[in-house]
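Read the structure below first, then the notes.
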Amino acid sequence: MEEFLETDPLLVRKKKLLDLIKSGEEPFKKRFARTHIIESLREKFGGIASGTETGEIVRIAGRLMTFRYHGKATFADIRDGSERIQLFTSRDVLGEKLYKKFCDLDIGDIVGIEGEVFKTRRGELSVKVQKYELLAKALRPLPEKWHGLRDIETRYRQRYVDLIVNEQVREIFIIRSKVIKLLREFLDKKGFIEVETPMLQPVPGGATARPFITHHNALDMDLYMRVAPELYLKRLVVGGFEKVYELNRNFRNEGISVRHNPEFTMLEFYQAYVDYNDMMDLVEDLLNYVVINVKGTLIFEYQGMELNFEKPWERLTMLEAIKEYGNLEVSFDMEVDELRKIAESSGVDVKPYYGKGKLITEIFEKTAETKIAGPVIVYDYPEEVSPLAKKKKDAPYLTEHFEVIAGGLEIGPSFSELNDPVDQAERFKEQVNLLKRGEEEAQHYDYDYIRALEYGLPPTGGAGIGIDRLVMLLTNMHSIREVILFPHLRPESRVDED
RNA sequence: GGGCCGUUAGCUCAGCUGGUAGAGCAUCGGACUUUUAAUCCGAGGGUCGCAGGUUCGACUCCUGCACGGCUCACCA
């Protein structure tokens, strides 16, 4: 009878695994002592001349990415978290038996290598495999070596595969990590302290958004996943922490889009005794610090737009921004009906309870926002849409609230925080009325927050930065999912088994 | 939620106006001691997203469903 030759990669590998176990080998080891990561190997030996043997024995580990067999000699590529490097070995180096076993390894296997560093005649820095260990057997084959993994759904569902084979993807998340580090670094240097406030909140607050509701069994009560940390951070300013920040996740039970993920990362920071003008300067400095350290320049392209972070940024009131970028003249002197008409003809889905402020904000978002390459500071948001910001003294229908717009995206809000408990209570009441009228995004009345304000919140400036959107700008990504490691997807109908 | 588009081998993709599937990489067998998209010879591999329908015959046409993408709506 002819021997059955299995060619299905998964089955072939499972058989290899069983054979290894049968022969007494451990295919999943617990440690391997490395002398170098590949990057440091390249730094140290990259300069040597072609054809040089260094005599230096090193130990590296990583995933096998390709094989190039040449009969009694073989080349392979191995990659660790830092870099890739070529491996070389031959029957003469390993001996017949071990060489054959080495050739039996698969693409994707995690191995530890010991051997001499040398450079081939063609100038490729390499490690000669004199000893090796299989550290973890890969049972599944990797995607194709030069197209990588393209299928977007698989890339998001199996991000681990995406990261193995698509270098640019790994780059995005390295940049993301840098951005977060730089933000912390900047604020720490300025004397801010980082705090953690509840993500499970009895009253959701701090943003106009629908919350996720969850339940605490032992207390038998509903809790809300936070939509923002804002109200807790301001309680801390009441408590005497004059410079605080929090950098973590918010959750909003709303639509998913290229700009929205149900959980997203936000930086919020608050400083006592300053107003939104000071915050404009601080936000400029903060983002400059991040951009220059990530990009090496303050001017760069995002999705066909040229962004320029050089100071000072353009600063426009919302009405000016509508005029400049939306080519529309609107003002608070207009009648509501007139504003409603303009909003409708701009494509706004006008709801009956919208007042002048909401209408103008909608017109701004519809006609101007997406056209702003920026960054531009758009300031003086209507009181109607900003229930936590201080009113302008000479124009109480406006608030001292600005927003950084860049690449057509809202990067973050900032305002002179409302510290008058009487006014704040009034605003909460307005919000509760909206809630009752079916505006599910409206804010809830937070009695304890009012009580905190009654103890005295110093004049305070606050700001937020949407981290995901900032990373989108810096990595030139159109979709927020490209900058979130595991973006939200519907569950798979069925996962492959056995 | 609406509209448009997509789903074919492990991966990347072809597949015309309907005649029951192809390539490259990967895998398997063979040759090969300096390659790097190694090369050369040979082989296996598909419920063509799922379920119905039309038809002598469906990857192809129709309907529904699932998942995904874009977009609108929604959304600090």
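Since the structure is predicted, the reported quantities are computational estimates derived from the model, not experimental observations. Just so we're on the same page: letters track the sequence lines, and every chain starts at 1.
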Give one of base, sugar-phosphate or nothing for A:His401, where a contact means two heavy atoms less than 4.0 Å apart.
base
Report which part of the nucleic acid A:Glu254 touches: base, sugar-phosphate, or nothing (heavy-atom distance under 4.0 Å, all strands).
sugar-phosphate
Using a 4.0 Å heavy-atom cut-off across all strands, classify A:Ala209 as base, sugar-phosphate, or nothing.
sugar-phosphate
Side chain of A:Arg150 only, please: which of B:A38, B:U12, B:C70 is the nearest?
B:U12
When you measure from the side chain of A:Phe88, which nucleotide among B:G68, B:A26, B:U34 comes out closest?
B:U34
In Watson-Crick or G-U wobble terms, both distances under 3.5 Å, what is the partner of B:G6?
B:C67
Using a 4.0 Å heavy-atom cut-off, write out nucleotides 40-49 of chain B from 5' to 3' as B (base contacted by protein), S (sugar-phosphate only) or - (no contact).
----B-----
Classify A:Arg469 by what it touches in the nucleic acid, base, sugar-phosphate, or nothing, heavy-atom distance under 4.0 Å.
nothing
Look at all strands and tell whether A:Val258 reaches a base, only sugar-phosphate, or nothing, counting heavy atoms closer than 4.0 Å.
sugar-phosphate
Numerically ordered, the residues 141-148 of chain A set in heavy-atom contact under 4.0 Å with RNA chain B is A:Pro143, A:Glu144, A:Lys145, A:Trp146, A:His147, A:Gly148
Which label fits A:His401 and A:Phe415: parallel for a plane angle under 30°, tilted from 30 to 60°, or perpendicular past 60°?
tilted
Give one of base, sugar-phosphate or nothing for A:Glu365, where a contact means two heavy atoms less than 4.0 Å apart.
nothing
Are any of A:Arg490's side-chain N or O atoms less than 4.0 Å away from OP1 or OP2 of B:G68?
yes
Mind checking if A:Arg13 touches a base, just sugar-phosphate, or nothing, with heavy atoms under 4.0 Å?
nothing
Does the A:Lys119 side chain pair with the main chain of A:Gly46, one donor and one acceptor, at a distance under 3.5 Å?
yes
Assign A:Lys16 to base, sugar-phosphate, or nothing according to its heavy-atom contacts below 4.0 angstrom with the strands shown.
sugar-phosphate
Taking B:A26, B:U36, B:C67 as options, the one with an atom nearest any side-chain atom of A:Thr120 is B:U36
With rounding to whole Å, what would you report as the distance between B:G49 and B:U12 at their P atoms?
15 Å
Is it the case that the base of B:U7 and the side chain of A:Asp151 share a donor-acceptor contact (distance under 3.5 Å, atom types as modelled)?
no
Looking across every strand, which nucleic acid part, if any, lies under 4.0 Å from A:Phe415 by heavy atom: base, sugar-phosphate, or nothing?
base
B:C75, OP1 or OP2 - any side-chain N/O from A:Lys366 closer than 4.0 Å?
no
B:U34 P sits how many Å from A:Asp77 CG, rounded?
17 Å
Sub-4.5 Å side-chain heavy-atom contact between A:Asn476 and A:Gln303:
yes
Rounded to whole Å, CD of A:Gln86 lies from C1' of B:A37 at a distance of 14 Å
What does A:Tyr69 touch in the nucleic acid at a heavy-atom separation under 4.0 angstrom: a base, only the sugar-phosphate, or nothing?
base
Would one find more than 12 heavy atoms of other residues, nucleotides or ligands at under 6.0 Å from atom CD of A:Gln168?
yes
